[in-house]
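See structure below.
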Amino acid sequence: MIDLDLKKNANKYKAILNAIRQYKKIAIFRHIHPDFDALGSAWGLREFLHDNFMDKDIRVLGDNHDELSPRLYPKTSKTPNEWFKEPFLAIVLDTPNKRRIADPRYPLAEFTIKIDHHPFIENIGDIELIDDSMTSVSELLVHMLLSYDMKLGKNAAKYLYTGIVGDTGRFEYNYLLPRTYECAKILVSTGIDLNDIYYRMYLHSQNDLGVIAHILTHYKVSDKGVAYYVLNKKDLDKYKITTSQGKDHVNLFRYVEGVKIWCSIAEDKKEENCFRVSLRSENINLIDVSTKWRGGGHKFAAGAKLNSLAELPDLIKDLDNLIK
């Protein structure tokens with residue numbers, strides 16, 4: 001068995017557990033426009049806390065995902081402002097900076113914990129647990145929860161597994177450590193249904209076939225090897241998909257010869273003058289470019305934002321400059 005080194009971060013793990021024990025009300029926050037890890041870590045932690053502290057009132061907050069809620073994850077709580085008037089503990093997951101926290105009521109907490117695997121940007125919590133050696137917050141949570149020697153039920157395991165799978169590209173990325181596979185093994189050993197999990201994670205509608213056809217007839221590749229496609233509001237409406245669904249096919253270009261960086265650009269249907277960008281690469285660090293273009297994320301998987309398509313050529317130029 002691989003040594004998970006449960007002593008790593010041990011002092012912060014203990015401090016977090018002490019804080020959890022002190023509060024009857026706990027609110028779990030994560031970033032806007034949630035992905036598998038944001039949702040998987042939030043619901044995995046919620047289920048773990050529910051199984052081991054049944055007397056606590058635990059709320060998962062933030063916007064729902066257009067497809068994954070409730071196909072894979074429960075819908076988040078519609079929690080009135082009155083709930084926040086009593087002392088509560090806020091746990092902020094998978095979010096390095098305040099502006100990306102999905103629900104604005106986190107500052108009302110009496111005590112705040114941040115648990116994240118992104119590089120540090122700014123302080124959010126009274127306790128800051130940051131470990132960017134972890135592939136996902138879900139992996140970090142598995143590591144932490146195992147150190148507590150408490151019940152890890154199937155529902156908690158299921159959600160945490162989806163977070164690890166989502167942020168590792170189904171275990172395909174080259175920065176994975178043996179620890180990642182050992183955490184996944186422990187989750188699988190609880191008896192979770194992998195066939196059902198993968199089906200719910202990657203199920204697509206027939207409309208997606210039209211979207212794929214559109215992408216394959218409209219994509220562009222720069223001379224340096226940046227592949228990208230654009231979906232405006234008209235395109236999204238035509239294929240009856242949301243802005244978040246517009247990025248679902250970004251990895252169509254991952255295994256195309258000569259493509260070094262690939263990205264999707266989808267117009268935000270709810271926000272004016274906003275195009276959401278998803279950036280991916282195999283081994284080119286995208287953080288500086290994503291930060292410059294109003295986003296952030298990981299070295300090889302990040303997001304950005306354009307105020308108009310007039311900015312797109314400059315973004316592609318910046319990405320071209322990353323390619324040697």
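In this chain, residues are counted from 1 in sequence order. Values below: all heavy atoms of this structure, side chains included; hydrogens, waters and symmetry mates excluded.
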task: Could you tell me whether the side chains of Asn81 and Arg105 share a donor-acceptor contact shorter than 3.5 Å?
output: yes

- prompt: Can you tell me if Thr162 and Tyr73 form a side-chain donor-acceptor pair at under 3.5 Å?
  reply: yes

task: Would you check if Lys220 and Tyr228 make a side-chain contact, meaning some heavy-atom pair closer than 4.5 Å?
output: yes

OG1-CZ distance between Thr243 and Phe275, expressed to the nearest 0.5 angstrom: 10.0 Å

- request: Answer yes if the ring centres of Tyr219 and Phe253 are under 6.0 angstrom apart, and no otherwise.
  value: yes

- request: May I ask you to check whether His249 and His214 place their ring centers less than 6.0 Å from one another?
  value: no

message: Could you check whether Asp193 pairs with Lys158 (Lys NZ or Arg NE/NH1/NH2 to Asp/Glu carboxylate O, under 4.0 Å)?
response: no

- prompt: How about Gln245 and Thr242: does a side-chain donor come under 3.5 Å of a side-chain acceptor?
  reply: yes

- prompt: Parallel, tilted or perpendicular: which fits the ring planes of His298 and His117, with parallel below 30° and perpendicular above 60°?
  reply: tilted

- request: Report, as yes or no, whether the 6.0 Å neighbourhood of atom NZ on Lys269 holds more than 12 heavy atoms from other residues, nucleotides or ligands.
  value: yes

- request: For the pair Lys234 and Glu267, find out whether any cationic side-chain nitrogen is under 4.0 Å from an anionic carboxylate oxygen.
  value: no

- prompt: Does the side chain of Asp320 pick up a donor-acceptor pair with the side chain of Ser222 at under 3.5 Å?
  reply: yes

message: Please verify the inter-ring angle class for Tyr198 with Tyr161; under 30° counts as parallel, over 60° as perpendicular, anything in between as tilted.
response: perpendicular

task: Give the intermediate values and the outcome of salt bridge (charged side-chain N to carboxylate O under 4.0 Å, His left out) for residues Lys24 and Asp57.
output: CA-CA 6 Å; Lys24 182 176 178 60; Asp57 183 358; over 6 Å; no

